[in-house]
Structures are given as structure tokens and as C-alpha cells.
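Below you'll find the structure, written out as C-alpha cells, and then a few comments.
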Amino acid sequence: MRRSLPLLLARQVARRRRLSNVPESTVYGGPRPQESSAARRVTVTTLRGKHRRGEPITVVTAYDYPSAVHVDSAGIDVCLVGDSAAMVVHGHDTTLPITLDIMLEHCRAVARGAPRPLLVGDLPFGCYESSAAQAVDSAVRVLKEGGMDAIKLEGGAPSRITAAKAIVEAGIAVMGHVGLTPQAISVLGGFRPQGKTVDSAIKVVETALALQEAGCFSVVLECVPAPVAAAATSALKIPTIGIGAGPFCSGQVLVYHDLLGMLQHPHHAKVTPKFCKQFGNVGDVINKALSEYKQEVEAQAFPGPSHTPYKITPTDVDGFADALQKMGLSEAADAAAAAENREKGGEPKGE
């Protein structure tokens, strides 16, 4: 019987990553190789322990293999594969256009690059709103096909709470998300901070409590005033992850590209949030490197001898040139001989 594509993908991801959603526990186990605490996989239990001890939780949103490798190497606790990929990677003005299938591609790439952190995949707009059954089916795909350990969903409407509860009951860890929920910009009237009035602030706290009651292991608080985030963090027994919510949350999350200062394109400037601190100016380094590459190519300074590593013996060059002559390609034969002579003399190609 033919194996289904999702099953094959799930097995491939599992083999590559040794999924951290494989039970870590005391139930299944035997002798295990010794590993340093720094290299140990982060799980939901790990996060609960950090929260209990009052240790801040670090989260970075990343979308591909190279960024995941850096996140893993830096020892970040959680790598979130966010639907903000629609804006940061695909150039859209909102998160709404990205599909579950595209999100799964991003999830798989991150899973290959980050074996250590807890991996959380966003459920994108349109894949979980219709029913609890649809939400569970989409969440299952994020784990089985995407290689994630948990999912994140936005909002606190009754249907979202029901969906979160159903996903948890299906055995999948859920991270909630309240405050500014980008998938709801149609209702919110744009990317607007929340919790700025008494009623709005109470709604943020009530929604976070409802998500906790539904079984979420953590809640993201986005774009809310610091006192509101502090109150929600105090009221909850699960960790809060702040993004534009001040310093009183249990942890913080920023987007990889934003915190590195990677992009200066006008589109990215338009969607870069005010709360983001740039911990680097990687974009300047990238632009400088690309400019230098362009200049060296145009000046025929690159590639030089040190970047032309593959050699053919002088005897074979002569034989190659003779063969080209017999084929009627005399100019090609002369070009091969001239290249060999220049390599011997180490002369720049422009001379």
C-alpha cells in the first residue's frame, strides 16, 4: 500500500531532528548518552521550570534553516515559526495571505536547523476558524508534517478558546496570543495596540485567563501597556511572552530579522514595529558585502587564484586545446591556453 506524503514527510523530519515532542520522560526510557545541560532539548516542562524559578524565557521568531541554526547556537529557549513570515519573508503587508502549506515549508526548514529549542508553529489565518475539528486537523499537520513541538493560535473569541481546548485535548501543546492579534486586523482596524482603556485592558486579562483555562502552556502578550502585561502575568499561572508589552512578562520574543537590523528596504521599514530594539546592524554588513562583490566582479578582481581551486595539468590543457582545434573551435582553444598562462603568472583577468 502506498504511503501518504504527510506520513513520509513526518518520518523524514523525525529522523533528522529526533523530535523534541518525543516523550522525554520517565515512562519511555533506558540508558541515554550523557549530554551537557546546554545541549539538552527544551520542552514545555523546561519552560514550566524556568517560570517557576522566575528565570526569563527567551523566544525568537525565525522562518528558515540558516536563522534556525543561529537561534539554536545562541541557546534561545523557544523558536517560533510565525505567520509574520508573510510580511518579513514574502513581502506582504499583512499576515493574512500565508497558507498552512507555506507555513509547513517554513516549519520543516526550521526543524532541520534547530534541534535544541522548543519549536512552536503558528496556525495561519484560515486554517482553524471554521470548527474545532478543522483546528485540530491543522495542528496535527503542524506537528506531523512540520516537525514542530507545539502550535500557537491568536485571539480569545469563544470559538478560539474552544479550538485551543480541542487541540490541547488532542494531545498538542498550545501557546495562546492576546492583545494585538495581527490576524484580526479587519476587526481591529489595523495594527493597533490593545489594552489602552479600562475595558480593553480587562479584556486582555480575561482572554489570557480563558486561554489558560483551555490548557495553553503559555500566552503571548502583544502591544499592550506594561501595567496591563504585568497584571496579566501576575494573574496567570503560566508564562507570558511579551512583544511590545514591557519588561514585566515571563519572557520576551522578537523577530530574527528585526533584532538583527537585517533589512532597510522601505517595505520592511513600514512593517518594523516601534518596540523592536536592533541588537545588530546586519543589514549594513550585508549591503556592504554585496556592494564589494559587485565592484570586484565588475573590475574582474574576483575570482582570483585563491578562489579558483580546481586545476587541470598543463599537459591536459595542451591536449584539451588540440582537441578544441580539431573541433574547429580555435578561439576556444586560444582562450583555454591564455587562461592557463594567466594562472601560471597570477595575473589579474582584467590585464
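Heavy-atom basis, side chains included; hydrogens, waters and symmetry copies ignored.
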Test side-chain contact (heavy atoms from CB on, under 4.5 Å) applied to [X] - qualifying residues, sequence neighbours left out:
| X | value |
| --- | --- |
| Ser131 | Ala133, Gln134 |
| Asp137 | none |
| Glu105 | Arg108 |
| Ala210 | Ile161 |

Checking side chain to side chain contact (heavy atoms under 4.5 Å, CB included) for the pair Val120/Met148: CA distance, chi angles, key distance, verdict?
CA-CA 6 Å; Val120 181; Met148 298 289 100; 5.9 Å; no
Practice prompt. Specify whether His257 and Tyr63 have parallel, tilted or perpendicular ring planes, treating 30° as the upper limit for parallel and 60° as the lower limit for perpendicular.
Written response: tilted
For Tyr310, the other hydrophobic cluster members (4.5 Å side-chain criterion, sorted by chain and number) are none
Distance from [X] atom [atom1] to [Y] atom [atom2], nearest 0.5 Å?
| X | Y | atom1 | atom2 | result |
| --- | --- | --- | --- | --- |
| Leu259 | Gln252 | CG | CD | 12.0 Å |
| Phe217 | Arg48 | CZ | CZ | 8.5 Å |
| Asp83 | Ile102 | CG | CD1 | 12.0 Å |
| Leu123 | Ser138 | CG | OG | 6.0 Å |
| Asp258 | Gln278 | CG | CD | 8.0 Å |
| Leu290 | Gln295 | CG | CD | 11.0 Å |

By salt bridge (Lys or Arg N to Asp or Glu O under 4.0 Å), Lys294 pairs with (sequence neighbours left out) Glu298
Residues at least two apart in sequence or cross-chain that pass salt bridge (Lys or Arg N to Asp or Glu O under 4.0 Å) with Lys277, listed by chain then number, are none
Does the [X] side chain pair with the main chain of [Y], one donor and one acceptor, at a distance under 3.5 Å?
| X | Y | answer |
| --- | --- | --- |
| Arg160 | Glu154 | yes |
| Ser67 | Asp64 | yes |
| Asn281 | Asp284 | no |
| Asp149 | Leu119 | yes |

Where do [X] and [Y] come nearest, in terms of heavy atoms and distance?
| X | Y | answer |
| --- | --- | --- |
| Ala226 | Gly246 | CB-CA, 4.2 Å |
| Gly147 | Ala111 | O-CB, 4.0 Å |
| Val44 | Ala173 | CG2-CB, 4.0 Å |
| Gly82 | Asp122 | CA-OD2, 3.2 Å |
| Ile98 | Met103 | CD1-SD, 3.6 Å |
| Thr95 | Ser84 | CG2-CA, 3.9 Å |

Hydrophobic cluster identity match, [X] and [Y], side-chain contacts under 4.5 Å:
| X | Y | answer |
| --- | --- | --- |
| Tyr65 | Val89 | no |
| Val285 | Phe279 | no |
| Phe248 | Val205 | no |
| Val228 | Ile202 | no |

Between side-chain atoms of residues 69-78 and protein atoms elsewhere (two or more places apart, or another chain), which donor-acceptor pairs fall under 3.5 Å?
from	atom 1	to	atom 2	distance (Å)
Asp72	OD2	Arg116	N	2.8
Ser73	OG	Val69	O	2.9
Asp77	OD1	Lys50	NZ	3.4
Asp77	OD2	Lys50	NZ	2.9
Asp77	OD2	Thr58	N	2.9
Asp77	OD2	Thr58	OG1	3.2

Looking at side-chain heavy atoms only, is the closest gap between [X] and [Y] below 4.5 Å?
| X | Y | result |
| --- | --- | --- |
| Arg41 | Thr46 | no |
| Leu47 | Val42 | yes |
| Pro314 | Glu340 | yes |
| Lys196 | Pro225 | yes |
| Asp101 | Arg141 | yes |
| Met175 | Val219 | no |
| Thr99 | Pro124 | no |
| Leu143 | Ile151 | yes |

Item to complete: Test Ile167 against Leu153 for side chain to side chain contact (heavy atoms under 4.5 Å, CB included), laying out the working first.
Response: CA-CA 10 Å; Ile167 294 169; Leu153 56 76; 3.8 Å; yes
Contacts satisfying side-chain hydrogen bond (donor to acceptor under 3.5 Å, both in side chains) that involve residues 205-217 (not counting sequence neighbours) are none
Contacts satisfying side-chain hydrogen bond (donor to acceptor under 3.5 Å, both in side chains) that involve residues 162-173 (not counting sequence neighbours) are Lys165-Glu169
Output side-chain donor-acceptor pairs under 3.5 Å for residues 315-339, partner residues at least two apart or in another chain, one line each.
from	atom 1	to	atom 2	distance (Å)
Asp316	OD2	Thr313	OG1	3.2

For residues 229-243, please give each side-chain donor-acceptor pair under 3.5 Å, one per line with the distance, not counting sequence neighbours.
from	atom 1	to	atom 2	distance (Å)
Thr233	OG1	Ala229	O	2.8
Thr233	OG1	Thr240	OG1	2.7
Thr240	OG1	Ser250	N	3.1
Thr240	OG1	Ser250	OG	3.4

Could you go step by step and tell me if Leu80 and Val60 meet the side chain to side chain contact (heavy atoms under 4.5 Å, CB included) rule?
CA-CA 6 Å; Leu80 170 63; Val60 170; over 6 Å; no
Run the numbers on Val168 and Cys216 for side chain to side chain contact (heavy atoms under 4.5 Å, CB included), then give the verdict. CA-CA 7 Å; Val168 172; Cys216 291; 5.5 Å; no
Going by atom types only, do Thr197 and Ser200 share a side-chain donor-acceptor pair under 3.5 Å?
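Not at all, the side chains of Thr197 and Ser200 share no donor-acceptor pair under 3.5 Å.
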